[in-house]
Amino acid sequence: MKRIAFLLVFVCLLSGCRKEETPVHRVVTRVQVQYSRQEDTIRRVYTQPANMQSVLTYLRILQPHGPAVPKDTYDTTCEITLQYSDGSDRVYYQLGNRYIRRDEGGWEYIDSSRATLLYPMLLLLPSDT
């Protein structure tokens with residue numbers, strides 16, 4: 001009887017063990033930025049890790065904080081495209097210094113004082129290509 005109980009417990013343990021899929025770790029391999037301000041348009045392409053990290057850090061510090069419905073039209077629009085090692089991409093759209101959205105998601109408020117950091121950064125970081 002002990003052998004049967006042991007066998008049942010062993011089978012139950014094995015049935016709970018299954019090979020899990022290995023998580024896919026993707027990394028950003030390229031960043032494209034198009035920033036329009038009145039008549040001025042800045043286009044940048046970054047492939048160097050330090051330059052890509054500058055843009056990624058910028059996106060992190062914006063800290064979107066809640067849904068928004070933009071009521072006004074702003075003269076500054078930005079599109080940041082992150083391309084990943086697995087071939088996928090993610091696009092961030094910034095409207096003025098107040099709103100951001102990811103891909104087709106909804107607009108969210110951002111800290112306008114932090115959003116103003118993008119323009120000077122782009123002026124200091126020329127394209128890698």
Shortest non-hydrogen contact from [X] toward [Y]:
X	Y	answer
Pro120	Thr116	CD-O, 3.2 Å
Thr41	Gln34	CG2-CG, 4.0 Å
Ser85	Arg26	OG-CA, 3.4 Å
Val55	Met121	CG2-CE, 4.0 Å
Asp128	Gln48	OD2-N, 2.7 Å
Pro64	Glu108	CB-OE1, 3.5 Å

Item checked: Verify same cluster id: Ile42, Val45 (apolar side-chain graph, 4.5 Å) ->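 No, Ile42 and Val45 fall in different hydrophobic clusters.
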Using side-chain heavy atoms (C-beta onward) and a distance below 4.5 Å, is [X] in contact with [Y]?
X	Y	value
Arg101	Tyr92	no
Ile100	Leu59	yes
Leu118	Tyr35	yes

Next item on the list: Would you please classify the geometry between the Trp107 ring and the Tyr99 ring as parallel, tilted or perpendicular, with 30° and 60° separating the classes?
Entry: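 Answer is perpendicular, since the angle exceeds 60°.
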Margin query: Please enumerate all residues that pass side chain to side chain contact (heavy atoms under 4.5 Å, CB included) together with Thr81, with sequence neighbours excluded.
Written below: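 Side chain to side chain contact (heavy atoms under 4.5 Å, CB included) check on Thr81 returns Gln32, Glu79, Gln83, Asp89, Val91.
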Notebook entry, point to check: Say you draw a straight line from CZ of Arg37 to CG of Leu122; how long is it, rounded to the nearest 0.5 Å?
Noted result: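 Going from the CZ atom of Arg37 to the CG atom of Leu122 covers 11.0 Å.
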Item checked: Distance (rounded to the nearest 0.5 Å) between His65 NE2 and Ile110 CD1 ->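 Answer rounded to 0.5 Å: 9.0 Å.
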For the backbone of [Y] and the side chain of [X], can you confirm whether one donor and one acceptor N or O come within less than 3.5 Å of each other?
X	Y	result
Arg43	Val33	no
Arg30	Leu82	no
Arg114	Ile61	yes
Asp103	Gly105	no
Ser54	Ala50	yes

Item checked: Derivation of the side-chain contact (heavy atoms from CB on, under 4.5 Å) call for Thr29 and Thr47 -> CA-CA 6 Å; Thr29 57; Thr47 56; over 6 Å; no
Notebook entry, point to check: Judged by modelled atom types alone, do Tyr46 and Gln53 share a side-chain donor-acceptor pair under 3.5 Å?
Noted result: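 Side-chain D/A pair, Tyr46 to Gln53: absent.
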Next item on the list: Apply the test side chain to side chain donor-acceptor pair (under 3.5 Å) to residues Tyr58 and Gln94: give CA-CA distance (whole Å), side-chain angles for both, the deciding distance (0.1 Å), then the verdict.
Entry: CA-CA 12 Å; Tyr58 169 76; Gln94 182 176 322; 2.6 Å; yes
